[in-house]
Amino acid sequence: MPSRIRNFRKWLIRQRYFRVAWFAKDEQVLPEPEEALANLPKAIADEIIEETDKLAVPPQYQAAVVEGLKETVSQWKDRPSMVPNSIVFLGHPISSISRILLSSIEQYSSEEKEKGEDIKLEINLLDWVERPPKSNSIAKQIKEKLGRAENEDTYKDGSQVSEADMAPLHLAIIPNLSWCFLRSVEGLEGIDYLQDTLLSDRSQFWIIGSGQGGWDYLNSTLRLNAYCGSVMTLPSLTGEEIQDWLTPLIKRFEIDFEDAAIHKRLGQPQALLSVKESIEHPAEAISDITQEVSATVQSSIRAIADEVLSKDTEEDKTVTREYFDRLADISDGVAIVALQLFIKSLRYKIIEAERDEEPDVFSDIPPRLDADGEEDKTLRPKVKEDRKLVAVTPKLPPLPELSQSDMYLLYSLMLHGDLTILAIAESLGDAPQVTNNRVQFLRKSGIIEQRGEVIKANPVHYPKLRRELARNNFIMEVPGE
């Protein structure tokens with residue numbers, strides 16, 4: 001089993017990078033001037049992106065999926081006609097649920113094999129890399145990939161089929177349920193087919209990945225949850241868990257963390273310039289100031305308490321811990337949001353003179369060659385020994401002003417994860433040209449990203465966007481509410 005899933009997962013990452021990468025930016029829109037990658041030497045920026053893409057799925061996500069499979073698949077194998085035959089794993093619409101699910105299933109299979117309990121089941125994998133362009137063909141294509149022969153008894157009600165007569169057991173895997181429907185007149189036929197098949201075909205155990213937004217919509221309109229077995233939500237990550245996940249990047253580039261405490265930063269006037277008050281952009285200025293105050297309060301209180309109580313703590317570790325606790329808080333514990341906010345917080349700063357004799361942290365970056373095969377010095381500038389990558393206070397960017405039509409478009413992306421302009425237009429009932437005009441406006445504001453024909457919400461805006469949509473009565477789950 002693992003070989004087919006592994007091969008598809010690798011192919012998916014290679015061929016559909018924009019949909020599944022941890023860090024995939026819209027190449028046609030310049031990043032904001034303050035973003036670290038815009039200010040770093042190109043060789044270093046490229047190396048950061050390359051190392052970022054090597055990050056594995058967070059172990060907490062994998063553990064949740066593996067544990068869910070262990071609890072449900074074995075029970076179903078023992079009594080396929082009596083116990084629920086499906087499990088649904090919910091992630092966030094800006095996360096790559098397909099990458100998370102396939103990686104976790106591969107891990108589950110390996111663990112079962114190591115215990116001598118190889119599941120030995122055939123796989124029916126919905127190996128799509130995108131939603132079918134014609135929504136009225138979704139049901140037919142799902143049936144071709146995952147359906148069983150109609151002359152088998154597996155389409156009768158499970159209670160009427162003896163296990164001895166039941167067809168050979170299979171696993172049916174849907175890595176991304178969001179690609180199985182479109183919110184339109186004909187776009188829900190695929191879900192209708194799944195509802196009929198989930199209850200009637202007891203010879204297959206269904207493993208389904210879905211975004212939370214799409215799942216909530218399908219439950220409110222079609223009550224899909226009534227047809228499924230277990231439903232598990234991927235956990236939110238703590239600051240410590242995010243730090244552990246990003247440790248390969250931190251060690252690889254020897255990243256330092258700036259103390260957010262006011263009493264420290266007042267002694268470093270340049271550090272306070274990150275708060276940019278601009279008459280032309282008052283919303284951004286207010287957002288920056290608010291987040292600066294929030295970030296400094298706890299850090300400053302901690303610093304005073306440590307001094308009064310004479311706590312024997314290592315300052316660097318405390319600063320790092322506070323950075324990641326804040327990162328977990330503002331990212332809602334969502335891995336891809338935390339990662340991108342971490343990248344945005346990096347600055348290339350001058351460091352103290354005592355570091356002059358330390359080796360160049362970027363010295364092992366391979367040289368880039370020009371057309372003549374010679375090293376191109378402009379692509380691999382010599383890194384000065386008095387500069388270093390420093391992570392400053394992570395902040396959420398302010399949301400641009402959104403109209404009601406903007407929110408309907410963005411809500412469609414929350415339901416489906418990613419969409420083409422034609423699919424958005426069909427979902428909203430608008431002309432493609434009208435939709436494209438709005439998409440380009442939102443793209444320039446940075447709230448959405450585009451690669452080719454594919455449109456996605458920008459992960460760094462997700463925490464504020466989901467709350468804004470919930471406040472405007474869209475079906476969105478918000479932490480703590």
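Computed over heavy atoms, backbone and side chain alike; hydrogens, waters and symmetry mates excluded.
- Contact annotation: the side chain of Leu169 never approaches that of Phe205 to less than 4.5 Å [non-hydrogen atoms, C-beta and beyond].
- Listed for the Asp201 side chain is no donor-acceptor partner under 3.5 Å among the backbone atoms of Gly147.
- Using modelled atom types, one side-chain atom of Asn458 and one backbone atom of Gly446 make a donor-acceptor pair closer than 3.5 Å.
- Within the model, atoms CD1 of Ile138 and NZ of Lys143 stand 16.0 Å from one another, a figure rounded to the nearest 0.5 Å.
- Residues Leu469 and Met414 share a closest heavy-atom pair of CD1-CG, 3.7 Å.
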Please walk me through it: do Ser220 and Trp215 pass side-chain contact (heavy atoms from CB on, under 4.5 Å)?
CA-CA 9 Å; Ser220 67; Trp215 179 254; over 6 Å; no
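- At a threshold of 4.5 Å between non-hydrogen side-chain atoms, the residues Tyr217 and Leu222 do not count as touching.
- Summarising the geometry, atom CZ belonging to Arg321 is positioned 10.0 Å from atom CD belonging to Glu240; distances are rounded to the nearest 0.5 Å.
- In this structure, Pro93 and Leu415 have side chains that are not in contact, with every pair of non-hydrogen atoms separated by 4.5 Å or more.
- With values rounded to the nearest 0.5 angstrom, Asp325 atom CG is found 7.5 Å from Glu322 atom CD.
- Side-chain contact between Ile207 and Phe89: present, with at least one pair of heavy atoms (C-beta onward) separated by less than 4.5 Å.
- With contacts defined as side-chain heavy-atom distances shorter than 4.5 Å, the pair Val65/Tyr108 does not qualify.
- No donor-acceptor pair closer than 3.5 Å links the side chain of Trp128 to the backbone N or O of Pro175.
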Criterion side-chain contact (heavy atoms from CB on, under 4.5 Å) on Ile174 and Trp179, from CA distance to verdict:
CA-CA 9 Å; Ile174 300 179; Trp179 290 341; over 6 Å; no
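- When all heavy atoms of Phe257 and Val390 are compared, the pair lying nearest together is C-CG1, 4.5 Å.
- Between Glu111 and Lys70 there is a salt bridge, with a side-chain nitrogen of the basic residue lying less than 4.0 Å from a carboxylate oxygen of the acidic one.
- You'll find the side chain of Asp256 stays beyond 4.5 Å of the side chain of Leu389, heavy atoms only.
- When the options Ile191, Asn225, Leu194 are evaluated for a side-chain contact (heavy atoms from CB on, under 4.5 Å) with Leu218, the one that passes is Ile191.
- Looking only at distances, a side-chain donor or acceptor of Thr72 sits under 3.5 Å from a matching main-chain atom of Gly68.
- The closest side-chain heavy-atom distance from His461 to Leu399 is below 4.5 Å.
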Stepwise, does the side-chain contact (heavy atoms from CB on, under 4.5 Å) test hold for Tyr227 with Asp196?
CA-CA 9 Å; Tyr227 296 80; Asp196 293 338; 5.7 Å; no
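- For the residue pair Gln243/Thr320, the side-chain donor-acceptor check at 3.5 Å is not satisfied.
- No donor-acceptor distance shorter than 3.5 angstrom exists from the side chain of Ser109 to the backbone of Ile105, with no hydrogens or angles considered.
- Residues Glu51 and Lys54 are paired through a salt bridge, judged by an N-O separation under 4.0 Å between the basic side chain and the carboxylate.
- Residue Glu453 holds its CD atom at 8.0 Å from CD1 of Ile421, rounded to the nearest 0.5 Å.
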Check against ring-ring contact (aromatic ring centres under 6.0 Å, His included), His416 and Phe181:
CA-CA 8 Å; His416 298 96; Phe181 77 98; 4.8 Å; yes
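- Nearest heavy atoms, Ser95 versus Val334: OG-CG1, 3.8 Å.
- For the pair Arg466/Phe474, no side-chain contact is recorded, criterion being any heavy-atom separation below 4.5 Å from C-beta on.
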Between Tyr323 and Ser345, is a side chain to side chain donor-acceptor pair (under 3.5 Å) present by the stated rule, with each step listed?
CA-CA 10 Å; Tyr323 174 94; Ser345 77; 2.6 Å; yes
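- Proximity of a side-chain donor or acceptor of Gln75 to a complementary backbone N or O of Glu71 within less than 3.5 Å is detected.
- Of all non-hydrogen atoms in Leu101 and Gly209, the two that sit nearest each other are CD2-N, 3.6 Å.
- Under 4.0 Å is where a charged nitrogen must lie from a carboxylate oxygen, and between Arg443 and Glu449 no such pair does.
- At distances below 3.5 Å, at least one donor-acceptor pair connects side-chain atoms of Gln204 with backbone N or O atoms of Leu146.
- With hydrogens and angles ignored, the 3.5 Å screen pairs a side-chain donor or acceptor of Ser137 with a backbone N or O of Lys134.
- Residue Thr197 holds its OG1 atom at 10.5 Å from CG of Asn85, rounded to the nearest 0.5 Å.
- Remark: the backbone N or O of Val392 is not paired with any side-chain donor or acceptor of Arg347 at under 3.5 angstrom.
- Side-chain atoms of Glu254 never come within 3.5 Å of backbone atoms of Lys251 as a donor-acceptor pair (strictly under, hydrogens ignored).
- For the pair Glu426 and Arg183, the salt-bridge criterion is not met [side-chain N within less than 4.0 Å of a carboxylate O].
- Note: Gln212 CD to Leu90 CG = 5.0 Å, rounded to the nearest 0.5 Å.
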Which is it for Val337 and Ile94 under the side-chain contact (heavy atoms from CB on, under 4.5 Å) test, yes or no, and what are the steps along the way?
CA-CA 8 Å; Val337 179; Ile94 41 77; 3.8 Å; yes
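- Contact detail for Gly229 and Ser86: the closest heavy-atom pair is N-OG, 2.8 Å.
- Ion pair Asp332/Arg467 flagged as a salt bridge, since at least one NZ, NE, NH1 or NH2 atom sits closer than 4.0 Å to an Asp/Glu carboxylate oxygen.
- Minimum heavy-atom separation, Asp418 to Val454: CB-CG1, 3.7 Å.
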